[in-house]
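I have placed the structure first, in the form of structure tokens, so that the comments after it can refer back to it.
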Amino acid sequence: MSRRGWLLFSAMCVVWGIPYLLIKVAVREIGPAELVFVRTAIGAVLLLPIALARREVRASLRPWLPLLAYTVVEIGLPWLLLSDAERHVDSSFTGLVIAGVPLVAAVLARLTGRAERLTASRVGGLLVGLAGVAVLLGFHAGGGGPVPLLELVGVVVCYAAGPLIIERWLSDVPRYGVAAASLVVGALLFAPVSVPKLPALARDVTTGPALAALALAVICTALAFVLFFALVAEVGGVRATVITFVNPAVAVLLGALVLGEPVTWLTGVAFALILAGSILATRRGSPALEPAAAQ
């Protein structure tokens, strides 16, 4: 890759590695639905002018039903589940579970006929990666109860399914148009529940959670989309997906350094299994799916 490609790649590894830390801090005082509304609303305000200037909004609205489905599957539901789960589990643990997205994406691609045949190495990769997820979930089964774990599994499935919607129905729609329109739709979906609570939230929330929510919207959503689209343009969609394998390590490191979350040898083993399995299960030549939303 070029120097610009490496800079963009490094930036994306950090930008999509810190949401778990920021969510953990924000949900101390901000409810999950309100946090998703703040993130989508601010992200939409920042990205919509770019999409309008590029004249990409109208084209993104024509396939309105796939756009709505994509918004629910890739933004609304997983961000809500993720925010609620992090009220009970560590941010580093969350980041490691989300590392299983490429594994589920490989399975879904196969089930929908969008992948090459499952070779021995791909099957082995799936088994190894799923073993890593099982180790991770089993080790943390007693912490926070089963509900957060089920929520994180739901997030993984949603994140894996979102790119399939892009590939099947929105592949010809301009990227900035999809990103901006989905954030607008997401904000509208959460507005009825969240807007009435905003005055009390603005009065009671302290500086730390407020700044975390703002950073989540500005850096991990709006800026992340801009950087990711630039990265895809610079190095291609296949290479850009490699950030998926680096983000969890950033999440674990930040969770340990900033929040003092424990990192055990079992955590390292689980991450190694998930990483190895993801690489084997998604290696070329199966068609790679571009991640299409901020984490």
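Counting begins at 1 with the first residue of the sequence.
In this structure, the side chain of Glu86 does not engage the main chain of Val27 through any donor-acceptor pair within 3.5 Å. The main-chain N or O of Phe37 is found under 3.5 Å from a side-chain atom of Thr40 such that the two form a donor-acceptor pair. Between the side chain of Ser182 and the backbone N or O of Ala179 there is at least one donor-acceptor pair closer than 3.5 Å. With hydrogens and angles disregarded, no donor-acceptor distance shorter than 3.5 Å links the side chain of Lys24 to the backbone of Ser83. Side-chain atoms of Ser92 never come within 3.5 Å of backbone atoms of Ala251 as a donor-acceptor pair (strictly under, hydrogens ignored). A donor-acceptor distance shorter than 3.5 angstrom exists from the side chain of Glu261 to the backbone of Ser91, with no hydrogens or angles considered.
Atom CG of Asp204 has more than 12 heavy atoms from other residues, nucleotides or ligands within 6.0 Å.
Between Val57 and Ala51, the shortest heavy-atom distance links the atoms CG2-CB, 3.7 Å. Summarising the geometry of Ala160 relative to Val104, their closest heavy-atom pair is CB-CG1, 3.7 Å, with the distance given to 0.1 Å. In plain terms, the two heavy atoms of Pro209 and Val205 that are nearest each other are CB-CG2, 3.8 Å. Of all heavy-atom pairs between Asp90 and Pro262, the closest is OD2-CD, 3.7 Å.
Between Trp169 and Tyr70, the distance from one ring center to the other does not fall under 6.0 angstrom.
Contacts of Tyr176 classified as ring pair (Phe, Tyr, Trp, His ring centres under 6.0 Å), with partners at least two apart in sequence or in another chain: Phe229.
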Can Leu259 and Val25 be said to form a side-chain contact (heavy atoms from CB on, under 4.5 Å), step by step? CA-CA 9 Å; Leu259 300 178; Val25 174; 4.2 Å; yes
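Clustering of Ile, Leu, Val, Met, Phe, Trp and Tyr by side-chain heavy atoms under 4.5 Å joins Trp64 with Leu65.
Cluster annotation: Leu7 is not connected to Val226 through the hydrophobic network of ILVMFWY side chains, with a link wherever side-chain heavy atoms come within less than 4.5 Å.
Taking the charged nitrogens against the carboxylate oxygens, Glu34 and Lys197 do have a contact shorter than 4.0 Å, which makes a salt bridge.
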